[in-house]
Every structure is written in C-alpha cells, then in structure tokens.
Amino acid sequence: MEKHKFVTEYELRASPKMLFPYISTASGLSQWFATKVNTMPEQRFDFQWDNESHIARQVSMRQNKGVRFEFLDTAADESEDNNYIDFRVDQSELTQSTYLRITDYSGTNDDEELVDLWDGLIDKLKEIVGS
C-alpha cells in the first residue's frame, strides 16, 4: 500500500514546556490522542483505539521540542517504511506563539479525512491545555 505524508500545524496558547508532556508521555497522550496509552520496555508505547492495540517505538525525543513514534509492523514489506507520527513544538521568536506541527505518515491518503481527524484531536488538546 502506498504511504502518504500529511503535515499540519496548529497554534496553541501554551508554552512548549507545558505542552510537551501531552505529546511525549503515556498519561499525556491518553488524555487526547488515544483511548489508552501504556508504556512498555525499550521506549515502546501501546496505543489503543477502538479496543485495538498498536505498538509504537519512540524513535526520537528532544525535550520541549518534539517526539516521533514509529508504529511497528505497519510496513507491507522491507522496501516500505513503517507508519509514524511526529510531533514538533515550535515557538515564534517574534510573537511568542507556540505551534504544534504534526506529521502523519500512514496509508491514509484522504487529506480531508485527516484534517477532520486532527482538528478533532487538537480541539481536545486545546481544551486540556486551556488554549
């Protein structure tokens, strides 16, 4: 299956320091991103949606800057990459606004569907952080 890279960005009224735990920890992610998130050994996380488990490995993390989760066993064969979600936090020097850039690399190639999905998730996150 062909993979699709979808990138979107949201402005949030929260400092990178306040926002970072919500994109990098199991307890933070389970409040807005997945139904349930559990940590596992070796930087792995178990994301649960609709009673289905999706195992991902945290492949990168920079404190208060960003984190990437690569979903294991999502490549059809060795020539393909696994699906991943990348969260990056940027702060404008000029306006002091905080932006969350999301890269969703998966088999879903309907941009309208992805916009609706991420808008809904980010609305939940904004409620939590008071943005």
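For the single chain, residues carry numbers from 1 onward in sequence order.
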> Would Phe87 and Phe33 satisfy ring-ring contact (aromatic ring centres under 6.0 Å, His included), going step by step from the backbone distance to the final call?
Replying inline: CA-CA 12 Å; Phe87 297 113; Phe33 181 63; 5.6 Å; yes

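- Here the CG-CG distance, from Leu19 to Leu100, works out to 5.5 Å after rounding to the nearest 0.5 Å.
- Between Ile122 and Trp32, some side-chain heavy-atom pair lies under the 4.5 Å cut-off.
- Placement of Phe47 and Tyr105 in two distinct hydrophobic clusters is found when ILVMFWY residues are connected by side-chain heavy-atom separations under 4.5 Å, directly or transitively.
- A donor-acceptor distance shorter than 3.5 angstrom exists from the side chain of Tyr10 to the backbone of Asp119, with no hydrogens or angles considered.
- Residues satisfying the side-chain hydrogen bond (donor to acceptor under 3.5 Å, both in side chains) criterion with Trp118, sequence neighbours excluded, are Asp104.
- Taking the ring pair (Phe, Tyr, Trp, His ring centres under 6.0 Å) definition, one finds that Phe20 meets it with nothing, sequence neighbours left out.
- Atoms CG and CG, on Asn82 and Leu72 in that order, are 6.0 Å from each other to the nearest 0.5 Å.
- Rounding to the nearest 0.5 Å gives a distance of 6.5 Å between CG of Asp86 and OH of Tyr84.
- To the nearest 0.5 Å, the span separating CG on Leu121 from CD1 on Ile102 amounts to 8.0 Å.
- Closest of all the heavy-atom pairs between Gly66 and Arg88 is CA-NH1, 3.1 Å.
- The nearest pair of heavy atoms linking Gln48 to Ser53 is CG-CA, 4.2 Å.
- Within a 6.0 Å sphere centred on CD of Gln63, other residues, nucleotides and ligands contribute more than 12 heavy atoms.
- In this structure, the separation between CZ on Phe45 and CZ on Phe69 is 4.5 Å, given to the nearest 0.5 Å.
- The heavy-atom pair separating Thr39 from Ala26 by the smallest distance is CG2-CB, 3.7 Å.
- When the salt bridge (Lys or Arg N to Asp or Glu O under 4.0 Å) test is applied to Arg13, no partner is found at least two apart in sequence or on another chain.
- Between the Thr98 side chain and the Ala14 main chain, a donor and an acceptor come within less than 3.5 Å of each other.
- Considering Thr108, Asn109, Asp111 in turn, Asp111 is the only one that fulfils the side-chain hydrogen bond (donor to acceptor under 3.5 Å, both in side chains) rule with His4.
- Linking ILVMFWY side-chain heavy atoms closer than 4.5 Å, directly or via other members, places Phe71 and Val59 in two distinct hydrophobic clusters.
- Looking at every heavy atom in both residues, Pro21 comes nearest to Lys17 through CD-O, 3.3 Å.
- No more than 12 heavy atoms of other residues, nucleotides or ligands shown are found within 6.0 angstrom of CD on Glu112.
- Under the 4.5 Å side-chain heavy-atom criterion for Ile, Leu, Val, Met, Phe, Trp and Tyr, Tyr99 and Phe6 are members of distinct hydrophobic clusters.
- Heavy atoms of other residues, nucleotides or ligands lying less than 6.0 angstrom from NZ of Lys65 number 12 at most.
- A distance of 4.0 Å separates CE of Met40 from CD1 of Ile55, quoted to the nearest 0.5 Å.
- Contact detail for Ile23 and Val67: the closest heavy-atom pair is O-CG1, 3.0 Å.
- Ala34 and Trp49 make their closest contact through CA-NE1, 3.4 Å (heavy atoms, listed as atom of the first residue, atom of the second, distance).
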